Amino acid sequence: MNFDVNDAKEWLKKANEKIADNKQLLTKLDQVIGDGDHGINMARGFNEAAQTVNEKEYDNVSDVFKDIAMTIMSKVGGAAGPLYGTAFLRLSFSLKGKDSIDYKDLVKGLSDGLTGIKQRGRSKVGEKTLVDVWEPVINEMSETIEAQPPQIKDTAKTAMEKTKEIMATKGRAAYFKEKSIGHIDPGSMSSYYLFLALAEVLEGRQS
Amino acid sequence: MNFDVNDAKEWLKKANEKIADNKQLLTKLDQVIGDGDHGINMARGFNEAAQTVNEKEYDNVSDVFKDIAMTIMSKVGGAAGPLYGTAFLRLSFSLKGKDSIDYKDLVKGLSDGLTGIKQRGRSKVGEKTLVDVWEPVINEMSETIEAQPPQIKDTAKTAMEKTKEIMATKGRAAYFKEKSIGHIDPGSMSSYYLFLALAEVLEGRQS
Amino acid sequence: MKKIINDPHQVVQDMISGMIQAAPDQLKHIEGTTVITRKDAQVVKKVGLLSGGGSGHEPAHAGYIGKGMLDAAVLGEVFTSPSVDQVYKAIKAVDSGEGVFQIIKNYTGDVLNFEMARELAEAEGIKVAQVVVNDDVAVEDSSFTTGRRGIAGTVFVHKIAGAKADLGASLEEIKKVAEKTVANVRSMGMAISSCTIPAAGEPSFTLEESEMEVGIGIHGEPGIERKNITTADQIATELTEKILEDMKLTENDEVAVMINGLGATPLMELYIVNKKVQEILQNKGVKVYRTFVGEYMTALEMGGCSVTLLKLDDELKKLLDHPSDAANFLVK
Amino acid sequence: MKKIINDPHQVVQDMISGMIQAAPDQLKHIEGTTVITRKDAQVVKKVGLLSGGGSGHEPAHAGYIGKGMLDAAVLGEVFTSPSVDQVYKAIKAVDSGEGVFQIIKNYTGDVLNFEMARELAEAEGIKVAQVVVNDDVAVEDSSFTTGRRGIAGTVFVHKIAGAKADLGASLEEIKKVAEKTVANVRSMGMAISSCTIPAAGEPSFTLEESEMEVGIGIHGEPGIERKNITTADQIATELTEKILEDMKLTENDEVAVMINGLGATPLMELYIVNKKVQEILQNKGVKVYRTFVGEYMTALEMGGCSVTLLKLDDELKKLLDHPSDAANFLVK
Ligand SMILES: Nc1ncnc2c1ncn2[C@@H]1O[C@H](COP(=O)(O)OP(=O)(O)O)[C@@H](O)[C@H]1O
Ligand SMILES: Nc1ncnc2c1ncn2[C@@H]1O[C@H](COP(=O)(O)OP(=O)(O)O)[C@@H](O)[C@H]1O
Ligand SMILES: [Mg+2]
Ligand SMILES: [Mg+2]
Ligand SMILES: [Mg+2]
Ligand SMILES: [Mg+2]
């Protein structure tokens, strides 16, 4: 396959829709083990990003992701802003100069993004953060030569739900210590929507 | 009759008892058209005054009233402190040097006290203040050569109740303007107890 | 009642020792009284400046003690004026022979107690002069009644009279400039929530979830009207307009502005109110010389604010800018 | 929600213009940003001092802008850290070539946004150093977790780093003394009532009429325990003891004390708390060099207070006493 500018735009469009539709849910999750602004922050930033890239013409995917990264960083705020921003920036870097992008390139870019999140957040799997969705999903993607959208969806969903069992050691949720167990991590939920949107785009490309 | 040191002490003792018994009522009245501290202020001050003069030996009435005045001024606070304090101070001045005090002297002293209250408070009859009890009572007392306790009680009670109809133009109650009508003035109530106590003492002297 | 206190009847005593221990080099407590003075009182060759009243208005009045402002504050019980003997002791504590000037908020209790203390002091040959502050335009101005209340504008009188005294002025000169200040200062406040006197234990008044009271006094005295709470812009406009009705300001007049918090209102909201007040004055061509935003004359934990305007001339400007060491009104 | 505001989503913008208009000669707003700087920024031959974070903590952080303290504050939405580009613009606004030092409260959002802004600036050749303040002993100190929160102690870091910068120190020297301050400052707070984020409209948490929360954070983050409210003496003791468990103080050690109000708590109550804190320190033979009582790091209209102790040496004493023009931390 060849992941092009329109795919990138489409991905963000779908992701933004899902986040907007679930703004309340994300905020509710963040009220329980955070400060209740994750939905507000994400919806504000992704909406802005979707508009920016939608209105603009691009001749390569790297630039699309660069604009997305910059908008998210300046509009999301909180912890999620720099984290998602970093991920998209690394993704953009890793695709720089490529005029055709195959599935392997995309997965490599995403895994650079994950590395960025972990460095930026000084976090690893098992701390009840969005890393707990990104890492299993990207591992899953790395194992296949071609995209397997259904598996991506399953893995993301299971990973997101599994954050319930984790005791948070990073982010605001960490202040809740044991009390953070039993609740889904808001950032993992928004990451789930992100990969759900990507899977749908990849499905479209195949058919 | 001869109004002596014991009469003065007795007057204050009875006045203090009545004020203590009605502390709540006085405070309630002050809550409606004031700041709700008249009962607290009066009880604190008169209790202190009663103790002071009770424990001490005096060879003339003037000194008893001087001590009462000073204690009230330092312990009552608010508006009532200086007003009642002034009244007892003027009473003390007017009896100074007299080794026997007849009813005429007493009335003269009280009317000096009233003048003191009016000067100090820049107030006259009809402003919903304790003047509205003091003036009619002292007018009543001035009309007889000997004490007529029943009349004193009646006049004081009627005058106190009549303050209900007045719109306050002095003191905190003035801020309530029309809303002050329909409520008894707390200071007039405490003055009523004062003259009630005096009348009882005078009754005792006659029998 | 939810408060961070010990015995409700000891709050004033506890506060006094907490204040002294916070500034042991600046403040002194006169033993056995509720009087706080400058550490270096009496200050020779200087008129002593005294203010005070009921407690619960912190930082008023003890927070304004310091070179360039007050020499002493006499504290009464919460919302109750201090008694004659306390004021009398305060006068004696600050008189260095040049006399004492007392700044009184216009409440019957305060006026009577300070006046009698003055008479006692004068009887001993101490020169005492005074001014009564009545800046609250929510009450109509009348010589037949108790008249207007003294609220946040009082702090400007402290500052200006204090500066004049610091410059070595005579009792008469201080009285003159203090009276000029009173004649040129106007305030009005509003509340969105009540306060509770510790000894009372119950809120002094109650407001519905949607209600505010415009023109309320700093002890919760009734205001002009109760109505549904509006926006900060509308509140700022109502308070400012009422003040401007009372003090005619014309183009190029200069004023000092004070946006005062009553206790529970965050600084953020006071700045939002200030935004609109400044806009109104600008539109009228009135020049703002200095603005003060913060808690200057509170009412325990009451929620709300007041706006104060002081019309300035060159003398008042100079005195307003004169250095002050008062902890809550520092001027360099 | 009962607040004196206009549009709940515009409170930060409204506040910024109200602040600037209150001090037009001291403060400057960088157009199109939420950055406020000294009027005379960039200050040549001086490292630029920057702090900030979510709004709602007023006077933190903009109230600490002025010669001798901060050069700029970057404001986020209420309780939300400012975004990377805002911090980046603040860095550019205060860099005079000597570099910029940023003081960050330890919250993931603040740390990440300030760090990324730093990287962007460094990529352009601007020297940036920073310190992360984590004085809240209510949270256990751990390098495996987010770790301790930054609360009122941050103001002491502003003051001391600001003084050092004002004296012309290098970025490295400032970092060194700022780290020393962080290593020697500890705080803990408690709340008796909640606060409401304007955009949320609902209280962030709720406490029963008899409840208090000990160890609460300045955004209402969970504390150590909820229990029935006790006396000011017991509250002061619990906060101070917890701090002293964490920072061993021995006889004749010298400290600065800060009794900070969270928003709705009257100064009277803060002084009552101070009385007990001073007594505890005295009994331990600890010398109190300076005491600060007031609202320094608030949480909107939250009711409650925090106690902060800063252990001092000669250098820190000198820097604490260094003159400051910051509106809410004036030092002569
Ligand atoms: N150190 C970290 N590493 C990775 N992800 C983190 C970290 N801290 C927080 N997060 C993620 O950020 C989410 C919270 O984002 P958001 O609510 O927007 O920020 P804030 O906590 O500043 O309000 C959490 O649910 C978590 O998934
Ligand atoms: N100017 C005045 N002249 C005479 N009496 C007054 C005056 N002002 C107030 N009073 C009396 O004082 C009473 C209130 O006393 P108190 O509650 O102790 O003082 P405060 O109003 O300062 O709380 C009023 O009920 C009234 O009778
Ligand atoms: Mg959040
Ligand atoms: Mg009263
Ligand atoms: Mg009273
Ligand atoms: Mg947040």
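In the text below, chain A, chain B and the rest are named by the order of the sequence lines, each starting its count at 1. Source: prediction; values computed, not measured.
Residue contact with chain D, scored on non-hydrogen atoms closer than 4.5 Å, involves the backbone and the side chain of C/Asp325 alike. Residue contact with chain C, scored on non-hydrogen atoms closer than 4.5 Å, involves the side chain of D/Met190 exclusively. Contacts between C/Val11 and chain D at a heavy-atom distance below 4.5 Å involve backbone atoms as well as side-chain atoms. With a 4.5 angstrom heavy-atom cutoff, D/Glu209 touches chain C via backbone and side-chain atoms both. Heavy atoms closer than 4.5 Å to chain C are found in both the backbone and the side chain of D/Leu207. Heavy atoms of C/Ile229 lying under 4.5 Å from chain D belong exclusively to its side chain. When heavy atoms are compared at a cutoff of 4.5 Å, D/Val331 approaches chain C solely by way of its backbone atoms N, CA, C and O.
The CD atom of D/Gln13 lies 10.0 Å from the CD1 atom of C/Ile272; values are rounded to the nearest 0.5 Å. Atom CG of C/Leu75 is separated from atom CE of D/Met268 by 8.0 Å, given to the nearest 0.5 angstrom. For the atom pair C/Leu267 CG and D/Glu301 CD, the distance stands at 13.0 Å (nearest 0.5 Å). The CG atom of D/Asp14 sits 7.0 Å away from the CG atom of C/Asp233 when rounded to the nearest 0.5 Å. Atom CG of D/Leu330 is separated from atom OG of C/Ser324 by 10.0 Å, given to the nearest 0.5 angstrom. C/Gln278 contributes atom CD, which lies 10.0 Å from atom OG of D/Ser17 (distance to the nearest 0.5 angstrom).
Of the residues D/Met19, D/Met15, D/Gln21, the one that meets the side-chain contact (heavy atoms from CB on, under 4.5 Å) test with C/Asn274 is D/Gln21.
Contacts with chain D were tallied for C/Lys2, C/Lys332, C/Met1; C/Lys2 has the most, counting heavy-atom pairs under 4.5 Å. Ranked by heavy-atom pairs shorter than 4.5 Å toward chain C, the options D/Ile235, D/Leu300, D/Asn328 are led by D/Leu300. Highest contact tally toward chain D, considering only C/Asn6, C/Ile5, C/Asp25, is held by C/Asn6 [criterion: heavy-atom pairs under 4.5 Å]. Top candidate by heavy-atom pairs under 4.5 Å with chain D, chosen from C/Ile4, C/Thr298, C/Ile192, is C/Ile4.
Pairing each heavy atom of D/Val293 with each of C/Ala22, the nearest pair is CG2-CB, 4.0 Å.
Other residues, nucleotides and ligands place no more than 12 heavy atoms under 6.0 Å from the CD atom of C/Glu202.
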